[in-house]
Number of protein chains: 2
Amino acid sequence: MPLTVGDLARASGVAPSAVRFYEAHGLLSAERTSGNQRRFHDADVCRTKVIRVAQRVGLSVAEIKQVLDELPPDPAPEDWQRLAESLVAEAHRRIQHLQQVLGEITGGGKLCELKEPATSVAGSRS
Amino acid sequence: MPLTVGDLARASGVAPSAVRFYEAHGLLSAERTSGNQRRFHDADVCRTKVIRVAQRVGLSVAEIKQVLDELPPDPAPEDWQRLAESLVAEAHRRIQHLQQVLGEITGGGKLCELKEPATSVAGSRS
DNA sequence: TGTTGACTTCAACAAATGTTGAACTTCTAG
DNA sequence: CTAGAAGTTCAACATTTGTTGAAGTCAACA
């Protein structure tokens with residue numbers, strides 16, 4: 001049973017406008033009825049949830065499109081599994097990055113050392 | 001020696017427009033010369049660097065303003081230290097959140113299980 | 001004092017991620 | 001068949017975080 005925009009939105013917890021936005025940007029695709037209405041597959045609920053998760057991981061819509069584009073048509077569970085793992089990997093990468101930033105904050109130590117240096121000579125700035 | 005916009009920008013690695021933006025949003029403050037030009041303190045280099053780090057941690061300008069507003073005027077090194085620690089804590093919180101998202105991806109398992117359910121009765125949607 | 005680079009303000013633009021509204025069409029239940 | 005809910009498109013708006021450009025002013029060196 002195909003899903004309308006509203007069905008998909010409700011099922012995946014996003015606004016209908018967001019569903020249209022994702023379709024417009026190639027993250028989702030839909031067939032059209034003879035009357036030009038979108039019809040999604042049940043699997044698009046999954047796809048949409050993955051999109052949201054990927055966003056929470058910090059991927060942009062363009063980046064999400066890239067990873068989704070590498071999925072085969074009609075992805076099997078193990079395809080989703082691989083995608084999930086790559087999201088996990090990306091999340092770990094971002095975590096590492098944050099931890100590196102942390103290191104710069106705490107480790108560097110010299111982020112905020114500023115004491116009066118020896119008096120200079122240059123033109124005094126009012 | 002007070003710093004001009006350009007001085008501060010160069011010293012802290014941001015564009016002059018960004019410095020003005022931060023001042024306009026209350027993250028930085030400046031005195032003015034008689035001719036209305038901004039003059040920053042040396043310590044604002046530190047402040048600005050902290051702003052950038054906080055952004056990399058994922059705080060919005062509004063949030064950064066909040067934490068900076070809790071700093072005493074003319075903060076001592078230990079004040080910066082505390083702020084750094086709270087950024088660290090926030091980063092850890094974000095890391096934990098990402099890890100929770102990861103858990104939902106991998107652990108839940110039922111993110112993408114959709115197989116043909118029993119045939120329903122409702123009006124067939126083309 | 002004059003020149004010139006750096007400063008000022010203000011408005012417009014930019015990109016990302018949607019939301020909202022208007023005007024119109026379609027679908028489905030009764 | 002028809003009413004009303006839900007769909008369609010398109011344009012405008014909203015928010016965040018700045019950048020860019022125009023028009024004009026200031027400051028520091030010579």
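Convention: sequence-line order gives letters A, B, ...; per-chain numbering from 1.
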Taken to the nearest whole Å, CG/Leu27(A) to P/dT17(C) is 9 Å
Which of dG18(D), dC7(C), dT8(D) is nearest the side chain of Val5(A)? It is dT8(D)
Side-chain contact check for Arg39(A): nearest option of dG18(D), dC26(D), dT28(C) is dT28(C)
Regarding the side chain of Ala15(B), the nearest nucleotide among dT19(D), dT8(D), dG18(C) is dT19(D)
Taking dG18(D), dT9(D), dT8(C) as options, the one with an atom nearest any side-chain atom of Val61(B) is dG18(D)
*Indicate yes or no: does Arg82(B) engage Glu78(B) in a salt bridge with an N to O separation below 4.0 Å.*
no
Rounded to whole Å, the CG-P distance (Leu59(A) to dA16(C)) equals 14 Å
Picking from dT17(C), dC27(C), dC7(C), the nucleotide nearest the side-chain atoms of Ser60(A) would be dT17(C)
Side-chain atoms of Arg20(B) come closest, of dT9(C), dT17(C), dA27(D), to dT9(C)
For the residue pair Glu70(A) / Gln66(A), report whether a side-chain donor-acceptor contact shorter than 3.5 Å exists. no
Of the candidates dC27(C), dC26(D), dT19(D), the side chain of Thr33(B) sits closest to dC26(D)
Does dA16(C) have OP1 or OP2 under 4.0 Å away from a side-chain N or O of Gln55(A)? no
Quick one, Val14(A) with Thr48(A), criterion side-chain contact (heavy atoms from CB on, under 4.5 Å). Give me CA distance, side-chain angles, the key distance, then yes/no. CA-CA 8 Å; Val14(A) 307; Thr48(A) 305; 4.2 Å; yes
Does a nitrogen or oxygen in the side chain of Arg52(B) sit under 4.0 Å from OP1 or OP2 of dG18(D)?
yes
To the nearest angstrom, the CZ-P distance between Phe21(B) and dT15(D) comes to 14 Å
ask   = Between Tyr22(A) and dT17(C), is there a side-chain N or O to OP1/OP2 distance below 4.0 Å?
value = no
Exercise. Consider only side-chain N and O atoms of Gln96(A) and Arg93(A), and report whether a donor and an acceptor are under 3.5 Å apart.
Key: no
In whole angstroms, the gap separating C1' of dG18(C) from CD1 of Ile51(A) amounts to 14 Å
Out of dG18(D), dA27(D), dT8(D), minimum distance to the side chain of Ser34(B) belongs to dA27(D)
Taken to the nearest whole Å, CD/Glu31(A) to P/dT8(D) is 13 Å
Rounding to the nearest 10°, end axes of the helix from dT1(C)-dA30(D) to dG30(C)-dC1(D) built from five pairs each make an angle of 10°
note: Gln37(A), atom CD; dC24(C), atom P; distance rounded to Å ~ 18 Å
Taken to the nearest whole Å, NE2/His25(B) to P/dT15(D) is 12 Å
- Leu27(B) backbone acceptor or donor facing Arg47(B) side chain under 3.5 Å: yes
Whichever of Arg38(A) and Gly35(B) has the more 5' nearest nucleotide on DNA chain D, that residue is Arg38(A)
To the nearest angstrom, the CG-P distance between Leu8(B) and dC7(C) comes to 10 Å
Side-chain N,O (Arg32(B)) to OP1/OP2 (dT9(C)) below 4.0 Å
yes
Under 4.0 Å between a side-chain N or O of Ser17(B) and OP1 or OP2 of dG18(D)?
-> no
- Task: Decide if atom CG of Asp69(A) counts as having more than 12 heavy atoms of other residues, nucleotides or ligands within a radius under 6.0 Å.
- Result: yes
Review point. Does a salt bridge link Glu90(B) with Arg56(B), judged by any charged N lying under 4.0 Å from a carboxylate O?
Key: no
Q.
Taking the basic N atoms (NZ, or NE/NH1/NH2) and the acidic carboxylate oxygens, is any pair closer than 4.0 Å for Arg38(B) and Glu31(B)?
A. no
